[in-house]
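Notes follow once the structure below has been shown.
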Amino acid sequence: MSQPSLSEALRGVVRRDLLLAMRHRSDVAMSVFFVVIVASLFPLGVGPEPAVLRTIASGVLWVTALLACLLSLGRLFTADYLDGVLEQTLLIPQPLAVLVVGKVFSHWVISGLPVVLLSPLLGLQFGLSGESLGVLTLSLLLGTPTLSMIGAIGAALTLGLRGSGLLVALLVLPLFIPVLIFGAGAVSSSLAGIGSEANLSLLGACFLLSLAFAPWATAVALRIALE
Amino acid sequence: MFQTVALSGSRGERRLFSDVNVTVKPGTLLAVVGENGSGKTSFLRMLCGLLSPDGGEILWQGNNIRKLKELYSAQLTYVGHLNGIKDELTPVENLKVSACLAGDESSGGVVQKALEAVGLGRAVHRLPTRVLSQGQKRRVTLARLWLSTRPLWLLDEPFASLDAAATSYLTQQIQSHLSRGGMVVVATHQEIDLPPDCIQHLRLTQ
Amino acid sequence: MSTTGINWFKYSSPQAIYPLAGRMIPWFAAVAVGVIAIGLYIGFFVAPTDATQGDAYRIIFVHVPAAWMSMFLYVIMAIWAGIGLGLNARPSFMMAQAIAPTGAMFTFLALFTGSMWGKPTWGAWWVWDARLTSELILLFQYIGIILLRSSIDDLRRADRASAVLALVGVINVPIIYFSVKWWNTLHQGASVTITAAPTMAGSMVTAMLIMMVGFWMYSFAVTLARMRCVIVERERQPSWGKPASIPDVVEAR
């Protein structure tokens with residue numbers, strides 16, 4: 001009786017998803033361009049005053065990251081659901097919640113990490129500098145995995161439903177609010193010179209909490225969706 | 001030994017079958033037959049543990065599979081109605097990943113041998129699966145059975161879209177699995193060319 | 001399931017709940033009307049006029065109990081959902097389904113009365129107060145649960161998926177409340193906090209509690225009535241309770 005070790009199974013899931021992403025490099029590029037374009041629209045709408053841009057920077061960039069994550073959620077399970085790979089994943093003799101962490105991790109590498117890497121550049125566009133740029137990047141680095149983790153619950157719940165793209169937004173966006181508040185808060189408090197440690201550690205706490213609960217809820221939701 | 005006790009199942013609000021009692025002994029095959037929509041696929045998915053029964057239980061070596069969970073998943077290979085392979089990956093990559101996730105040997109040589117056993121020549125090994133025909137894709141999926149070391153095979157319409165040659169390869173592979181003491185449950189419309197003393201039929205009616 | 005002599009599950013089948021609920025609804029409804037009338041009377045005529053806010057504050061006799069109810073009902077809905085998932089019990093899912101619209105209604109009522117109170121008190125229909133904002137997010141969550149249920153055709157999946165969402169929400173509500181509060185202190189300049197008058201007269205507290213009892217009774221009546229609708233709706237499904245076909249097993253051995 002063959003059984004993969006936990007790390008073997010986890011690595012297998014991650015490797016397949018990253019391999020697929022390599023074959024679909026344009027998908028990755030799309031979410032990056034989405035972020036760039038949306039972020040560039042705000043100065044055009046709000047006006048070019050550096051002081052205004054600096055105050056809205058954290059909010060705008062965080063909301064953009066949120067939307068980018070949301071848009072890519074459809075890719076998380078849908079393809080696997082349609083071609084039967086998800087069914088086989090459920091039958092892997094290892095805890096599904098752990099395999100979900102693997103899927104979410106590769107989703108984050110594809111859709112979240114590029115945004116994090118790009119954020120210093122976008123911050124410059126909005127007149128952020130020095131420390132606040134660093135805080136922005138760090139906050140996104142801590143926050144975007146949480147977004148992917150929470151988003152996975154919504155993606156699993158709406159798997160295969162008609163109009164699931166819109167529905168997943170309605171379900172998931174309210175759950176994103178704490179991350180948005182702490183993430184954007186970290187940047188604004190660093191701009192205000194009152195230190196961002198508190199917000200950043202709360203983001204870290206959100207991450208740990210979502211790591212503890214979200215994969216489990218996602219696993220339950222996936223089993224429900226595949227019944 | 002694999003057993004269902006008073007198993008009943010439904011899809012949506014429609015009752016598909018009830019009070020199914022079957023026992024699959026090592027070295028035997030259970031052929032699940034019935035018209036389209038009679039619940040063959042649901043029955044098989046239930047045996048996998050993907051679908052929960054309305055009533056009754058499924059026993060593996062006398063233990064309910066709901067309690068065994070991952071221990072039970074480690075006993076079975078399921079070939080579903082969907083192929084479970086990625087169009088963007090090559091047959092070799094697909095098979096390597098699924099063997100690795102099953103905990104089977106996934107070295108290049110073993111995987112290539114399995115693909116050749118289902119009649120897929122080296123020419124197609126490195127092509128994306130997307131460009132293969134329906135029957136070839138099915139063969140890639142079924143090649144997993146040549147790598148599987150698990151005792152229980154659950155096959156949903158394995159012969160669909162296979163040609164005569166592939167059908168006979170698969171029948172031979174099933175037979176050698178049975179002769180090693182394996183168990184097979186097949187949902188099918190076709191007669192399976194195996195000695196009748198190792199086959200039992202379960203007919204699902206509406 | 002039941003180890004004691006009483007078979008509790010006898011009372012938990014939809015067939016048993018339907019007539020029982022039917023008998024209980026008129027009582028709950030009558031008590032609700034009476035209690036709410038008394039509560040409003042005390043609130044509007046007995047309770048003293050507030051020194052700083054005048055009579056405008058009297059909306060809190062609806063606002064505060066409605067806000068309490070919105071949270072109570074969410075937690076109760078999540079508990080039913082959890083029971084449903086844990087025991088695979090259909091009536092608990094039906095209960096969760098029946099509670100959701102009432103909960104959403106109270107949340108909306110709390111928001112609506114909150115903004116009516118806000119206009120004379122702070123001169124704005126909406127302020128980003130922590131409690132008001134959390135209440136708004138709670139409304140989004142209720143709507144999400146109702147929408148998710150209605151967009152899934154398969155009843156079993158609809159039940160279970162919305163149950164998972166309700167449970168996820170119950171973990172989130174306190175986090176959201178806390179985060180919004182945190183956010184609020186960060187942006188102190190723009191915010192006004194709603195705090196009930198620090199020294200509340202005894203009759204104010206009484207009126208609020210009576211109103212809450214009335215709202216509870218109302219919720220019971222409405223939820224049970226909706227429960228009956230849900231049962232009827234599901235009973236209509238074709239194969240419910242009918243004998244199913246029996247497959248024949250042919251042994252070829």
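Numbers restart at 1 for each chain; the letters A, B, ... are given by sequence-line order, proteins then strands.
Atom OH of A/Tyr81 has more than 12 neighbouring heavy atoms from other residues, nucleotides or ligands inside a 6.0 Å radius. The local environment of CH2 in C/Trp80 is sparse, with at most 12 non-hydrogen atoms from other residues, nucleotides or ligands closer than 6.0 Å. The environment of CZ in C/Phe108 is sparse: at most 12 heavy-atom neighbours from other residues, nucleotides or ligands sit within 6.0 Å. Enclosure of atom CH2 in A/Trp216 is not indicated, since only 12 or fewer non-hydrogen atoms of other residues, nucleotides or ligands lie within 6.0 angstrom.
Put simply, the residue from C/Ile175, C/Asn172, C/Ile137 that forms a side chain to side chain contact (heavy atoms under 4.5 Å, CB included) with A/Ile177 is C/Ile137.
Contacts of A/Leu159 with chain C are made by both backbone and side-chain atoms, with heavy-atom separations under 4.5 Å. Both the backbone and the side chain of A/Ala225 come within contact range of chain C, with heavy atoms under 4.5 Å apart. At a 4.5 Å heavy-atom cutoff, the contact between A/Leu157 and chain C is made by backbone and side-chain atoms alike. For a residue to count as touching a neighbouring chain, one of its non-hydrogen atoms must lie under 4.5 Å from one of that chain's; by this rule C/Leu136 does not touch chain A.
Interatomic distance, C/Ser151 OG to A/Leu171 CG, rounded to the nearest 0.5 Å: 7.5 Å. Atom CD1 of residue C/Ile171 and atom CG of residue A/Leu209 lie 7.0 Å apart, to the nearest 0.5 angstrom. Here the CD1-CZ distance, from A/Ile224 to C/Arg157, works out to 8.5 Å after rounding to the nearest 0.5 Å. The structure places CG of A/Leu161 at 11.5 Å from CG of C/Leu147, a figure rounded to the nearest 0.5 Å. Rounded to the nearest 0.5 angstrom, C/Gln141 CD and A/Leu175 CG are separated by 5.5 Å.
A pairwise comparison of heavy atoms in A/Ala217 and C/Val168 identifies CB-CG2, 4.0 Å as the closest pair.
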- Decide yes or no on salt bridge (charged side-chain N to carboxylate O under 4.0 Å, His left out) for A/Glu227 and C/Arg156, but give the supporting numbers first. CA-CA 9 Å; A/Glu227 274 222 330; C/Arg156 190 180 148 80; 2.7 Å; yes

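When A/Leu202, A/Ile153, A/Leu170 are compared by the number of non-hydrogen pairs under 4.5 Å with chain C, A/Leu202 comes out ahead. With chain A as partner, the option from C/Asp153, C/Leu85, C/Ile145 having the largest number of non-hydrogen pairs under 4.5 angstrom is C/Asp153.
Here the side chains of A/Phe213 and C/Leu167 are not in contact, with every heavy-atom distance at 4.5 Å or above.
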